[in-house]
Amino acid sequence: MNSSAPVRVRFAPSPTGWLHVGGVRTALFNFLYAKKLGGKFLVRIEDTDTERSEKQYTDDILASLKWLGMNHDEPLMYQSDRGALYQQIADDLISKGLAYRCYCTAEEVEATREQMMKEGKKPMYARTCRELNHSASGSPEGRKSFAIRAKFPLHGTTSFTDMIRGEISFPNEDLDDFVMIRSNGVPTYNFVVVVDDLAMQISHVIRGDDHINNTPKQIYLYEAMNASKPLFAHLPMILGEDKKKLSKRNGETSTNAYRKEGYLPEALLNFLVRLGWSHGDQELFSIEEMIQYFDFEHVQVTGAVFNPEKLLWINGEHLKKTDSERLLTILKEDFAFNHPEVSSVYVCTLIDHLKQKVKLIKELPDQLNSLCVAGAPEVNGADLKWNKVPEQKAKIKEAIQALSNECSGIVAKNSKTTLQECGIGHTEIDTKLREICTQFGLKLGEFTQPMRLYVTGQPNSNIGLFDLLPIMPWNTVKIRIDACLKS
RNA sequence: GUCCCUAUCGUCUAGAGGCCUAGGACACUGCCUUUUCACGGCGGCGACCGGGGUUCGAAUCCCCGUGGGGACGCCA
């Protein structure tokens, strides 16, 4: 392959299941490589397995790729549209003596395979039909149905240079005369992948290393078709906790499940890119940085265990940097968040604070709801420390009342709805609270604990009281303080 | 079983013969900070699979073992 040829890569999922995170990583490495080199990222739907392919899976895969921001640069290709072409190419290879018709039944092939396994050999097709004389277009014993097999060389070696692992070679005698077209006329993966990659002018085939053993078969086909082959890069597998290939059994694999959990697409991608690839000590990457720094020299060769805890941490880090308005949009679209009674500006300010401390978007609605509703939410004040000493409780209430009165006065005088609008922010409220504590002989914690519970309306709010007081509509704060004083 | 690939903390990884007393991150953990929950800061724990070579010198190169993964379909 000419090194100056334009970079064209593809992600080729088969729609037999939801988009798997392993697939996402394969797509990502393709995507990054294309973007880095100004090439094209293409998507092909491998739906030749008519039994298992379903439209809903195609839809899910496409929707997930869109969510992740990995859009294809040219129209989709569907293999199911290309049946006639495959047949034609296969017939051509037969006429050139590079493929042949095999009249063996599936049962016969299976039987010899088992036999070879018993003999301690690699189970392969016995090549029964390889040297049949087809000139008379006759079939043995009047058999009609046949599959088309590649006439793979018996001797020598097939090798290629993998962009990640270097040279890999296979003794030809260990390679099978694989089926290109089944007896029912449907072509197989190893055949169509070559035909289609050629048609799409794919320059680099970047895929999971479970395909390493397929590569020599495909190389045979490139040579048989007299075409130059692409460059290959085989990525290490993503493993589950048990060190086996990641699957539904040993981890959550559906991309959509991560979306519903409240992961940001760029965070999932950041996590996945670091699984098997590194850029020095850097852990956090924006999409732009991934594109800028990505290279195959730093792709690992061994499988990497999927570590959900690290993904969670990465998500938290990305959340901190995410624009709150974007988070609000996600909340509305994906988490049915809807509070028309308060302004978006208020909600976004709340998110500004909460996103610093939360790890998943999913946590936001719970935190936000009780800060957005108008009245005083039910809370359980039984565990509050002030219950231990009644006279202390009375004193704290007096202090809270004093604060409430003062703030109500300020808001009323200025005809505003929040303290912030009256020029009272975090610093001012801090000072004011400390003054009142000194005045009443209280510790700050004694004062804030009940306030916090009632004003936030929840036992474990992630927003600081001093951040909340200035921005929450004062009439709401007032109602909640009153509830506190009555408790 | 046969073939292919591979081997650094529990996990993700840095490491291209001397910079390695092996660095970073997650997790775990101690302390500090603190109005709560967190965040943050400073520490701690913790690894070069084994054996042979090559070399003045090896985590790094070679060989052999062993371990791990993958592939052996008329699945993709």
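Per chain, numbering begins at 1; letters A, B, ... match sequence-line order.
- Put simply, CD on A:Glu283 is 16 Å from P on B:G23, counting in whole angstrom units.
- If you check every strand for non-hydrogen atoms under 4.0 Å, A:Ser14 touches sugar and phosphate atoms only.
- Atom pair A:Gln367:CD and B:A38:C1' shows a separation of 10 Å (rounding to whole Å applied).
- Nucleic acid contact for A:Met117: base, since at least one base atom lies under 4.0 Å from a heavy atom of the residue.
- Both cation-pi conditions hold for A:Arg101 and A:Phe146: the charged atom is under 6.0 angstrom from the six-membered ring centre and inside a 45 degree cone around its axis.
- Along RNA chain B, the nucleotide nearest to A:Leu311 and the one nearest to A:Ser278 differ in position, and the one closer to the 5' end is contacted by A:Ser278.
- Here the P atom of nucleotide B:C5 and the CZ atom of A:Phe232 are 16 Å apart, to the nearest Å.
- A:Lys244 comes within contact range of the sugar-phosphate backbone alone, with a heavy-atom separation under 4.0 Å but no base atom that close.
- In this structure, A:Phe11 has its ring center at least 6.0 angstrom away from the ring center of A:Phe31.
- The side chain of A:Lys122 sits closest to B:C72 out of B:U13, B:C72, B:G40.
- Checking B:C39 for Watson-Crick or G-U wobble geometry (two distances, each under 3.5 Å) identifies no partner in any strand.
- A:His211 comes within 4.0 angstrom of a nucleotide base, judged by non-hydrogen atoms across all strands.
- The partner of B:C28, taking Watson-Crick or G-U wobble pairs whose two distances both stay under 3.5 Å, is B:G44.
- From A:Ile287, atom CD1 reaches atom CE of A:Met70 across 8.0 Å, with rounding to the nearest 0.5 Å.
- Atom CG in A:Leu444 sits roughly 14 Å away from atom P in B:C37 (whole-Å rounding).
- Using the Watson-Crick or G-U wobble rule with both distances under 3.5 Å, B:G1 pairs with B:C72.
- Side-chain nitrogen and oxygen atoms of A:Lys320 include at least one within less than 4.0 Å of the OP1 or OP2 phosphate oxygen of B:G40.
- Counting non-hydrogen atoms under 4.0 angstrom, A:Gln300 reaches the backbone sugars and phosphates but no base.
- By the 30° and 60° cut-offs, the orientation of the rings of A:Trp277 relative to A:Phe285 is tilted.
- In this structure, A:Met116 atom CE and B:C72 atom P are separated by 16 Å, rounded to whole Å.
- Note: CD (A:Glu309) to P (B:C9) measures 18 Å, nearest angstrom.
- As judged by a 4.0 angstrom heavy-atom cut-off over every strand, A:Arg434 is placed among residues touching the sugar-phosphate backbone only.
- On a pure distance criterion of 3.5 Å, no polar donor-acceptor pair joins the side chain of A:Asp209 and the base of B:G70.
- Residue contacts shown for A:Lys245 are limited to sugar-phosphate atoms, with no base heavy atom under 4.0 Å away.
- Here the C1' atom of nucleotide B:C39 and the CG atom of A:Asp352 are 15 Å apart, to the nearest Å.
- Among the protein residues, A:Thr16 comes within range of no part of the nucleic acid, since none of its heavy atoms lies under 4.0 Å from any strand.
- Phosphate proximity of B:C74 to A:Arg149: present, with a side-chain N or O under 4.0 Å from OP1 or OP2.
- With hydrogens and angles ignored, no donor-acceptor pair under 3.5 angstrom links the side chain of A:Ser461 to the base of B:C37.
- Across all strands, A:Asn214 comes closer than 4.0 Å to base atoms (heavy-atom distances).
- Nearest-nucleotide positions on RNA chain B place A:Asp174 closer to the 5' end than the other of A:Asp174 and A:Gln79.
- Under the Watson-Crick or G-U wobble criterion, with both distances below 3.5 Å, B:C49 is paired with B:G65.
- Rounded to whole Å, the distance from NZ on A:Lys217 to C1' on B:C4 is 12 Å.
- More than 12 heavy-atom neighbours from other residues, nucleotides or ligands sit within 6.0 angstrom of NZ on A:Lys321.
- Side-chain atoms of A:Phe466 lie closest to B:U35 of the nucleotides B:A25, B:A71, B:U35.
- Taking side-chain N and O atoms only, A:Lys243 has a distance below 4.0 Å to OP1 or OP2 of B:U11.
- In this structure, A:Gly276 reaches the sugar-phosphate backbone alone: every heavy-atom distance under 4.0 Å involves primed, P, OP1 or OP2 atoms, never a base.
- Aromatic pair A:Phe294/A:Phe29: centroids less than 6.0 angstrom apart.
- Two rings, from A:Phe271 and A:Phe306, have their centers less than 6.0 Å apart.
- Considering only the side chain of A:Leu465, B:U35 comes nearest among B:C37, B:G24, B:U35.
- Backbone-only engagement by A:Glu46 is indicated by non-hydrogen atom pairs under 4.0 Å involving sugar-phosphate atoms exclusively.
- At a threshold of 4.0 angstrom between heavy atoms, the contacts of A:Arg274 include nucleobase atoms, whether or not backbone atoms are also involved.
- Dashed line: the shortest gap from a side-chain N or O of A:Thr48 to OP1 or OP2 of B:C75 is not under 4.0 Å.
- Here A:Phe170 does not count as stacked on B:C4, because the ring centres are not under 5.5 angstrom apart with planes under 30°.
- Close to B:G15, at under 4.0 Å from its OP1 or OP2, lies a side-chain N or O of A:His298.
- Nucleotide B:A16: unpaired (no Watson-Crick or G-U wobble partner with both distances less than 3.5 Å).
- Heavy atoms of A:Phe178 sit nowhere under 4.0 angstrom from any nucleic acid atom.
- Ring geometry for A:Tyr220 against A:Phe178 counts as perpendicular: the plane angle is over 60°, on a 0 to 90° scale with 30° as the lower cut.
- Here the nucleotide nearest the side chain of A:Thr302, chosen from B:A7, B:U11, B:U35, is B:A7.
- Of the nucleotides present, none pairs with B:U55 by Watson-Crick or G-U wobble criteria with both distances under 3.5 Å.
- Using a 4.0 Å heavy-atom cutoff across all strands shown, A:Asp210 reaches sugar-phosphate atoms only and no base atom.
- With rounding to the nearest 0.5 angstrom, the CG atom of A:Asn213 is 11.0 Å from the CD atom of A:Gln218.
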